[in-house]
Amino acid sequence: MPGCCEPIHFDGASVQYKRALRAVIGINALMFAVEVAAGLAADSQAMKADALDFASDTLTYAISLSVIGASLSTRAHASVFKALTLGAIAIYILGVTMMRIFEGSAPDAHTMELIGVIAFFANLLSVVLLLRWRDGDSNVRSVWLCSRNDALGNLGVVTAGLLVSVTESRWPDLFMGSLLALLFLRSASSILIQARAELSGQVCVTEVETHG
């Protein structure tokens, strides 16, 4: 169909990319363990949301790695699964956050700030590792979007922690938890749209470029 066929520049088939992706999987798994414990201790919705995102990314990055080299259809189906998983997590976070509006106290701002900064630098390292491969098919792009979201989310957690400290209120934490959920929903929608285009044949592999 004229005008709807777009070249895919990279499909993940690179030794360097796979090595970078394995490193990012390890970073996310470690930070999930750190942040879920800290989020429960600090009673922070923003931190719990970010921890769930680390868990989701660990799983979906492993899926991304496993389907590299598979057919475009297989990779696109994997992206659909990742988009639906990210969307489900976002909806869960929104639901729990809405429930917390009616109960609970202000979270531990100091823990939010400290862990938020640590998580930000962990995700910044992931972003740097993946920056070279931020464009490509839906499988590759989903990895980049999730890593970018994580870095933005960590900045959000730090900001919420500072505001909680100043206001001694739980509202900044609840607001940031909701904002992160909406960001996840937007990314899930973007991944799903590209994956569906690949499955419907509106994207064709005309210029496959393997990076290094």
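For reference, positions follow the sequence shown, starting with 1. Only heavy atoms go into these numbers, but all of them, side chains included; no hydrogens, no water, no symmetry mates. It should be emphasised that the depicted structure is a prediction, and the values quoted were computed from it without experimental measurement.
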Test item: Y17 and I68 side chains (from C-beta on) under 4.5 Å apart, heavy atoms: yes
Euclidean distance, L155 CG relative to M176 CE, rounded to 0.5 Å: 9.5 Å
Single-linkage hydrophobic cluster V117~L124, side-chain heavy atoms < 4.5 angstrom: yes
Candidate pair R170 and V164, rule side chain to side chain contact (heavy atoms under 4.5 Å, CB included), full reasoning: CA-CA 6 Å; R170 70 179 187 275; V164 167; over 6 Å; no
Which atom of A90 lies closest to which atom of A181, heavy atoms considered: CB-O, 3.2 Å
Between OG on residue S169 and CZ on residue F175, distance to nearest 0.5 Å: 12.5 Å
For N28, all residues meeting side chain to side chain donor-acceptor pair (under 3.5 Å), sequence neighbours excluded: none
Pairwise distance OH(Y61) to OG(S126) - rounded to 0.5 angstrom: 6.5 Å
R19 CZ to L129 CG distance, which is reported to the nearest 0.5 Å: 11.5 Å
Test side chain to side chain contact (heavy atoms under 4.5 Å, CB included) applied to R186 - qualifying residues, sequence neighbours left out: none
Nearest heavy atoms of R22 and L65, plus distance in Å: CG-CD2, 3.7 Å
same_hphob_cluster(V127, L21) at 4.5 Å side-chain heavy-atom cutoff: yes
For L114, all residues meeting side chain to side chain contact (heavy atoms under 4.5 Å, CB included), sequence neighbours excluded: I118
Any pair counted as side chain to side chain donor-acceptor pair (under 3.5 Å), so long as it reaches residues 173-185, sequence neighbours left out: S44-D173
ILVMFWY cluster membership beyond V128 - transitive side-chain contacts under 4.5 angstrom: none
Side chain to side chain contact (heavy atoms under 4.5 Å, CB included) partners of S73, counting only residues at least two apart: S71, H77, L199
Partner set under side chain to side chain contact (heavy atoms under 4.5 Å, CB included) for L131, not counting sequence neighbours: R134, W144
Under 4.5 Å side-chain linkage, directly or through intermediates, the cluster mates of L182: I91, L94, L185
Gap between atom CE of M47 and atom CE of M112 - 0.5 Å precision: 7.0 Å
Residue pair F32 / A51: nearest heavy atoms and the distance that separates them: CD1-O, 3.1 Å
Path from L179 to L162 over hydrophobic side-chain contacts below 4.5 Å: no
Joint cluster assignment, M31 & F120, ILVMFWY side-chain distance < 4.5 Å: no
Set of residues satisfying side chain to side chain donor-acceptor pair (under 3.5 Å) with respect to D57, sequence neighbours excluded: none
Point-to-point distance, once rounded to the nearest 0.5 Å, from CG of L163 to CH2 of W171: 14.5 Å
Sidechain-backbone polar pair: T74 side chain, A70 backbone, donor-acceptor under 3.5 Å: no
Listed partners of S79 passing side chain to side chain donor-acceptor pair (under 3.5 Å), at least two apart: S138
Side chain to side chain donor-acceptor pair (under 3.5 Å) contacts touching residues 108-118 (sequence neighbours left out): D108-T111
Flag side-chain contact, heavy atom, 4.5 Å: W133 against Q16: yes
ILVMFWY network linking F121 to I115, side-chain heavy atoms under 4.5 angstrom: no
Closest non-hydrogen atom pair, A188 against G87: CB-N, 3.9 Å
N123 vs F54, side chain to side chain contact (heavy atoms under 4.5 Å, CB included): CA-CA, chis, key distance, verdict: CA-CA 10 Å; N123 277 314; F54 274 121; 3.1 Å; yes
